[in-house]
Every structure is written in structure tokens, then in C-alpha cells.
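For reference, the structure is listed below as C-alpha cells.
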Amino acid sequence: MTAKAQVTISDNRETGLSRRGFVKGALAAAATGLLASCSPAAREAFFQRHFRELTQDDKERILDRLEAEYGRKYGGEFTVDAAPAAEGVQFAYALDLSRCVGCRRCVHACVKENNQSRDPEMHWITVLQMDKEKGIDLSHATAYYNPKQVPEEGHFYVPVACQQCRRPQCVTVCPVGATWQEPDGIVVIDYNWCIGCRLCMAACPYGARHFNWAEPNIPDDEVNRDTHYLGNRPRYKGVVEKCTFCIQRTRNGRYPACVEACPVGARKFGNILDKDSEIRYVIENKRVFILKEEINTQPKFYYFYGV
Amino acid sequence: MHFLEFVKGSFRIWTSGGKGYWSWLAFLGMCVMVGAFGYAEQLQRGLVTTSMRDPVSWGFYIGNFTFLVGVAAAAVVLVIPAYIYHWKPIKEIVIIGELLAVSAVIMCLLFVAVDIGRPDRFWHLIPGIGHLNFPSSILAWDVLVLNGYAVLNLVVVTYLLYCAFVKREASASFVTPLILMSIPFAVSIHTVTAFVYNGLPARPFWNSAILAPRFLASAFCSGPAIILVLLQLLKKYTRLEIKNEAIWKIAELMAYAMFINLFLLGAEIFREYYSGTHHLLFFEYLFTGIDGKTALVPYAWFSVFASVAAFLIFLIPATRKNPVTLNLGALLIYAGVYIEKGIALVIPGFTPSTLGEIYEYSPSPVEIKVAVGVFGIGFLIFTLMLKVALPLMLGEFDIDQPVPARARDRAKPAPAAAG
């Protein structure tokens, strides 16, 4: 889905640069470079350490700086939170394939909640349309279905986002440790530490990581100003991003945006360590399965047929 | 100090040369400019200026990187006969292989540098200052071995050439261990690069145990192919003595390497087509296309035919020893392996994507411009190093004659050098 959107964008835009455009651009870039090296905030951003090496003081200073920066860019009051994982929490997700109708409301709720770029378009959830005859067969699935009404005859739908693996390949391969798994099981990225090598994208078996090929754009009036450092704060050009189980919501006891948005109640979320949680009920009482179990990434994203 | 004279003399050599030399430098300068313009555009607008997208997140840059790692590793094909078997005809010319290795590794590092989304954060990779994810990330290993190999070769060639300048016998106890160390390093830059791909279960096309051996086999064809052409040009245009036996021996070694390369490819193709699992998709995309999406098909077949033809040429002594067929074979190998590593490895690894999408990738104008620039820098470095190395090897530039008299006459070889 993302790919298609982005391809269209690059086709529509001028691909070449006039010489004047280039000179202007180069001068502008050099000028901002010089200015940036003078501005203390920019210098601080450049030399910012890895998130996990920061002291509490460092963190507070950085969060203040980011709030001011985003406030200037988009207007309004910004909150950049860095709430840590709570003890005794291990988040997991379940999706009832017999209910999902492929409406993609989850996709759009996710885009809004998590400040994904609108231009170029980016989606963290890919809803795949499958043939009923073939079963769950990714090689014959398509994300580019476009009927007047869903669900379509003879088809079913499998939404795929980050599977929050217990053995995340993306974390293993990152050359700078810019991505890691939090104690509550959420795999996160420090957008200020990622160098954009994209090895994690090559390593992810679920196509769940997305790269900012261009400067991300969100209209001022659509920005979600309630953010988390490791989650939905606005991203930069040239870094990778992904689903974080809506870390900014779920660490404050709320459901992820996709769970709230689903009109048929196909999406379940919760703490698997909590015996009374709905997610625990699903895992104990339904027959769940995971995608690509042969790769042994051990997802915490379960699929099941509830009806 | 003598070293200062060495540097001064080198500058004098670089600034003296005939028309051919200067036009070659001007041409390379233009390539570098083209690359600079392309890269400026990419920096300004982001990697959206390339054709890479989420389903195919690596492309032309990483393909070139992978190919050039092979070229860099190929210096070993000269080092092993020269320093393990003390085979004289090659020992005299081994330095040329090392110069090629240095320029190839520099091009490798540049291709990685232009591929990253945040080049301003390169320092995150520096151990101690940044946060190198070692030993977990194979890419971290790759950073270490590539830089190690570059430094190793640079130290060896500078030392040997400087010894030639001060007319001193190179100290074997210093240089031999370094040269011997360069052998496992050459093997490891290729193995580790193969492991970067090979270790990803998400990409069945790469997740094959024979990927690293295939990398080595193809490296021992493509790198020597360049060296072969280079040696013949040097033989023709300079007074450097290069024995035919040396050239034929290299060609013979290439025949073995190409045999292993083709055999391993055949082994992979058998496994995929005979068992016919869903992993076959990637080979199908490469060799026949899927649903009319056939961008890679002509390249794939050309690569196979070129490699087989080259193998036969190098296998038969008569064609191996005939300069015309020898050079044709070298070109075929070069083309075959360039396509195999540059296009037919990276792209089908991503196509279809992990969720089954077929995004047809082909490099954008910006990617081509930037690549031209990187090759320009590499050839420039090689030309300048060779320009100083040649008079040193010929005994025309040393401590007693820091201003080489014949510098002007010898200027010719450089343009031909990069073939």
C-alpha cells in the first residue's frame, strides 16, 4: 500500500532539477548547515546520545527541546512523553479473521493517531486481500483491492502490521542499536539515532518497517499533539518507523487506535500477564495462529477465527 | 625527512603528464561532478529521488557495493601465488592488485555512505563514540572488516612503495605478516558481506548456506578479470615487465573459480526448480518474470550466457593464451558477474516482497549519477596511485632522482589503466 502511494508521488513530481534550482538548493542547504552549526539546539540535536544512554536530566531536556521544536513547526501545545514500561505488563494483540471485513478503518485511524506522513503517504497497517480458495497465501495476496463495497465475494482479509516478535530480527541486525525491545514487549525505534541503512527492513518478515524516503508531511490541523518519544512524535526524513502498539496510549491504559476504530470488533489487545484480560481469554479459549511461524520470530500478534 | 620528498615528488608526478593523462583526469573530474550534483539532489529531497521504495529497500547502490567487495577481495588471487608459493612472475606485480583493492574498498565504503538515509549520523557507527551493535549485527562486522582491509592494504602499499623510494629492502618481518593477514581479511570481507544477506530468514532467496561460497567464487572471477586487462595494458604501454606466464596463470585460476561459481549456481537452481516450493518465486521472477513483470529476465539470461562463454574461453588453453579471446573472456566475466552481483542478487531478494508484492525496480537517474561519481572517485584514486607506483617500480623515481626525468613520457598508461 505504501509502495504504491509513494511510487505515484515520485511519478507525479518533477524528477529532475534545473541548474538554477540546484544552485539555489545547494546554497540553501549550505546556509542551513552553517546556521545549524551555530544554533545551540541544532548542535545539541546532532550530538544527542542514544536514548538508552540518557540520564533522566538529559531526557527531560531533550523532551522540552522536541516539544518546542514541534510546537514551532506545527503550532499549538505539544506533549512529548517518555513514559516507561510498567512492571508486570507484556502486551499482545489478537485479530479475529472471521470478523474482519477489510474496510481499512484501522489503517486510517492509525495514520491519524500516529502522525504518519500524508505526503508521501505512509501506512503502518497493510490489509491483504486473500482468495478463500488459497487460504493464507501471502504470495497471492494483494493490498491493492478497491471495490465499492467490502467484503468481496470469495475473499477474506488479513491485516498485517508489526508482529512485535519475541525474537525480533530487526533488532538483531541494526548496526547502531537504534531499535530495541522494551520490557513490555514493544519494539521501538529511536528516530534520533537511526542512520537509515534499512537493514531492519530487509530483515523483517512482515514488511512492517517503513522508511521516510522524503520529508514527511502532515497538515498542521491533522497533527496529533499528544505524543511519545518512542512512538508517534513527528518523524524525520531518512529514518525508519513502525507500529508501536500505540505506545503513547497503551502505556496510559488506553487501547491502540486501531482497536478503537474497528467497526466489527475484530481487534483485541491487552496484557497477557493479566489473567482477567480479554487477550488472555482469546489465547486460552480460541485456536490462535501466527504468521510465518517457520521463521521462528515468535510474534505476539495472534490471528484466530472467532466465529 | 625523506617522506616529505616522497610526497613532493609524487605531487610533481601527478602534475606532469601528456594529453592522454590530462584528458583522462578531466573525464574523471566530470564524472565526480555529475555524482556531486546527483548526490546534492538526493541530500536535499531524500532517498525518494532513487527508485527504491519500501518493498525494494536496497537497490543499485548496494548492488554495486556487493560487486566491488568482490573486486577488492580479488587481490588475494595475486597475493596467494606470490607470497605463499613465492611464484616470481606474479610477485613482481602483486602491488597492482593491492592498489586495485584499496580503490575498490574505498568505492565500497562510498556506496554504503550514499545509501544511508542519515549520512550526518555516520558517527553513530564509530565504536566508543557511537554505539556499534557488535557482535549482534553482521553489518557492524562488515564495517569493521571493510575498514580493516582498507587500512591493511593502504599500509602495505605505502610501505612497499616508500621502501622503493628510499631504495631500502622492505622489512620482511614487518610486511609479510601484514600481507598474510590480508588473505583472511579478503576472504572475510566477502564472507561477512554474504552473511549480511544470508542471515535473513525473511528473504528465502538469500537465506541459503552456499551464498558465501558463491560470493567468493564469483569474486575470484570478476576481480582478476579487471587485473588481467590492466596488466596487458601496462605491458603494452609501459616498460613494466609483465610475463605472459603470469597472465595465463591468472586466467587459469579464473577458470577454476568460474567452474565453482557456475556449479554452485546450478546447485541452487536444481534445489529450487526440482522441489518447487514457494521459494521458487524469486528465481521465477529472475529468469522468467511473474505476471508479465519481466524487468530482470534479459539481464539474468545474459549473465548466465556470458559466464558460461567466459568459462569455456578460460578453460581451453588455446583461447586462454590468445590475447583477443582472453580479453573477450575477461569482459564477459566482468559483465556476467556485475549483473549477477549488482542486479540479480539484490533485486530478486526483495521481489516479491515479504507480503507478496511485486514492485519492479530499476535505478533512477539520480542513482546512476551518484554511481558515476563514486566510480569516478575510485578510478581517480587508482590512477593517481598507479601514476606514482609505476616509476617507483621501474626504478625511475627514488631518493636519488626525486624529480623523475621521464615522467612526461610515461604519462600515457593512466587512461588505459582503468579500462
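The figures that follow rest on heavy atoms only: side chains count, while hydrogens, waters and symmetry mates do not. Lettering of chains follows the sequences in order, A, B, ..., and the numbering in each one begins at 1. Note that the structure is predicted; figures quoted are calculated from it, not measured.
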Problem set entry | Any B:Leu139 side-chain heavy atom under 4.5 Å of A:Cys197 side chain | yes
Exercise. Would you call B:Asn133 and A:Pro175 a side-chain contact if the rule is heavy atoms closer than 4.5 Å?
Worked result: no
Seminar exercise, completed: What one should report as the nearest heavy-atom pair of B:Thr354 and A:Tyr206 is OG1-C, 3.8 Å
Exercise. Should the heavy atoms of other residues, nucleotides or ligands under 6.0 Å from CZ of B:Phe283 be counted, would the total exceed 12?
Worked result: yes
Problem set entry | Polar side-chain atom of B:Arg203 near backbone of A:Ala203 as donor-acceptor pair, under 3.5 Å | no
Problem set entry | Heavy-atom proximity to chain A below 4.5 Å, by part of B:Ser57 | both
Exercise. If you draw the axis of the six-membered ring of B:Phe350, does the NZ or CZ of A:Arg198 fall within 45° of it and under 6.0 Å from the ring centre?
Worked result: no
Exercise. With side chains defined as the heavy atoms from C-beta onward, is the minimum distance between A:Met201 and B:Trp58 less than 4.5 Å?
Worked result: no
Exercise. What class does the angle between the rings of A:Phe46 and B:Trp123 fall in, given that below 30° is parallel, 30 to 60° is tilted and above 60° is perpendicular?
Worked result: tilted
Exercise. Side chain, backbone, both or neither: which part of A:Val160 has an atom under 4.5 Å from a heavy atom of chain B?
Worked result: side chain
Exercise. Within residues 274-282 of chain B, which positions have a heavy-atom distance to chain A below 4.5 Å?
Worked result: B:Leu281
Exercise. Are B:His124 and A:Trp193 close enough that some pair of their side-chain heavy atoms sits under 4.5 Å apart?
Worked result: yes
For this session: Considering only heavy atoms and a distance below 4.5 Å, find which of B:Gly356, B:Ala202, B:Gly349, B:Gly46 pairs most often with chain A.
Result: B:Ala202
Seminar exercise, completed: Counting heavy-atom pairs under 4.5 Å with chain B, the top scorer among A:Ala178, A:Ala202, A:Gly207, A:Cys204 is A:Ala202
Problem set entry | Over 12 non-hydrogen atoms of neighbours within 6.0 angstrom of CZ in A:Phe289 | yes
For this session: Tabulate, in ascending numerical order, the residues of residues 111-120 of chain B having at least one heavy atom closer than 4.5 Å to a heavy atom of chain A, or enter 'none'.
Result: B:Asp115, B:Ile116, B:Gly117, B:Arg118, B:Asp120
Problem set entry | Inter-residue atom distance A:Ile195.CD1 - B:His131.NE2, 0.5 Å rounding | 12.0 Å
Exercise. Can you tell me how far NE2 of A:His210 sits from CZ of B:Arg53, rounded to the nearest 0.5 angstrom?
Worked result: 14.5 Å
Exercise. Relative to chain B, which of A:His140, A:Arg209, A:Arg49 shows the most heavy atom pairs under 4.5 Å?
Worked result: A:Arg49
Problem set entry | Contact class of A:Val171 relative to chain B, heavy atoms under 4.5 angstrom | backbone
Problem set entry | Side-chain heavy atoms of A:Trp213 within contact of B:Asp54, under 4.5 Å | yes
Exercise. For A:Leu128, is it the side chain, the backbone, both, or neither that has a heavy atom closer than 4.5 Å to a heavy atom of chain B?
Worked result: side chain
Exercise. Does CD in A:Glu294 sit with more than 12 non-hydrogen atoms of other residues, nucleotides or ligands closer than 6.0 Å?
Worked result: yes
For this session: Mind running side chain to side chain contact (heavy atoms under 4.5 Å, CB included) on B:Glu357 and A:Tyr144 for me, showing each step along the way?
Result: CA-CA 10 Å; B:Glu357 180 180 352; A:Tyr144 303 123; 2.6 Å; yes
Exercise. Looking at B:Leu200, B:Ile138, B:Ile62, which one forms a side chain to side chain contact (heavy atoms under 4.5 Å, CB included) with A:Leu199?
Worked result: B:Leu200
Problem set entry | Atom OH of B:Tyr299 with >12 non-hydrogen neighbours under 6.0 angstrom | no
